[in-house]
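Only one structure is covered here, and it is reproduced in the block below.
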Amino acid sequence: MRKKIIAGNWKMNLTFAEAMALADNLLDENKNIDDVEVVLASPFIFLHPLINRIQSNPNFSIAAQNCSDKIKGAFTGEIAASMLASIGVEHVILGHSERRQLYGETNSMIAAKVDRALENGVFPIFCCGELLAERNNNIHFNVVKKQLEESLFHLTSNQIDECIIAYEPVWAIGTGVTASFEQAQEMHEFIRSTISSKYSKSIAEEISILYGGSVTPANASELFDGDDIDGALVGGASLKEKDFSDIIKAMLTKI
Ligand code: PEP
């Protein structure tokens, strides 16, 4: 069975004290959640203390929100994948639409980041998704296919097997507008069949595909009914302990 994953993307929010309190409360509230992996994607400076905190709960893991496309060297302000690995970070979000839109990340830059992460044993959570105009022009499948092809499809079968994919329609991120169950399931099925055509059915069946875009406790349960929806990448609602825990519970009821 594919891994079910609920990931919280804290983005550039929370002070140190707030972040530790949120993690402690989540760990406390979600002790027996076998079969669901909870990933907390925090700002870089909170990663190390968070890793210490989650030792007590094997269902929790920590993600960075970005890493450099370079190996090491004179790149002031950047964080290398090897540095993440050296403190025990398991995952890294790559290709988030905010990085694409605000920091000019291209598919090829993201491909290099994916390579750096995998070389260091850090598992990418690769984000893809179309703009509203692209959906309205009915080119959303082409856009997502191109993102997959240009950032992931140079990988070997063993490497792609180590990736998690997050479908995040850009028009649904932070807007309060979520994709309908049908829109999400249809795109997840498309992503899985695209991976199947490039690699194999068995590889495609093993890869967890998360939905992201205004997921809340109110819409999570319906989304998780999708055969190809293996969890969620949650932004805003991941900053509220109760909301995030309720989304985890919504997934637990489906297992
Ligand atoms: C995200 O940032 O990945 C995200 C999905 O945000 P939100 O849940 O706030 O839409």
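Both ligands and their constituent atoms are indexed starting at 1 by order of listing.
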Please table the atom pairs, donor to acceptor, closer than 3.5 Å between any side-chain atom in residues 109-119 and protein atoms at least two apart or in another chain.
residue	atom	partner	partner atom	Å
K113	NZ	N66	OD1	2.8
K113	NZ	C67	O	3.1
K113	NZ	E105	OE2	2.8
D115	OD1	H154	NE2	2.7
D115	OD2	H154	NE2	3.4
R116	NE	E119	OE1	3.0
R116	NH1	D69	O	3.0
R116	NH2	E119	OE2	2.8

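- Atom numbering of ligand 1 starts at 1 in the shown order; those under 4.0 Å from a heavy atom of G213 are 5 (C), 10 (O).
- The pair R2-E205 meets the salt-bridge criterion, with a side-chain N (NZ, NE, NH1 or NH2) lying under 4.0 Å from an Asp/Glu carboxylate O.
- Taking only non-hydrogen atoms, the option from G174, A237, G176 nearest to atom 10 (O) of ligand 1 is G174.
- Of the residues listed (D230, D35, D34), the one engaging K4 in a salt bridge (charged side-chain N to carboxylate O under 4.0 Å, His left out) is D230, and it is the only one.
- Close N/O approach between E168 and ligand 1 is found [any backbone or side-chain N/O within under 3.5 Å].
- E130 has no carboxylate O lying under 4.0 Å from a charged side-chain N of K146, or vice versa, which leaves the two without a salt bridge.
- Residue S214 approaches ligand 1 through these ligand atoms, each under 4.0 Å from one of its heavy atoms: 7 (P), 8 (O), 10 (O).
- Listed by atom number, the atoms of ligand 1 under 4.0 Å from A172 heavy atoms are 10 (O).
- Within ligand 1, counting atoms from 1 as listed, the ones closer than 4.0 Å to a heavy atom of G236 are 7 (P), 8 (O), 9 (O).
- For residues 41-63, the salt bridge (Lys or Arg N to Asp or Glu O under 4.0 Å) pairs, not counting sequence neighbours, are D24-R53.
- Ligand 1 has no nitrogen or oxygen under 3.5 angstrom from a nitrogen or oxygen of T175.
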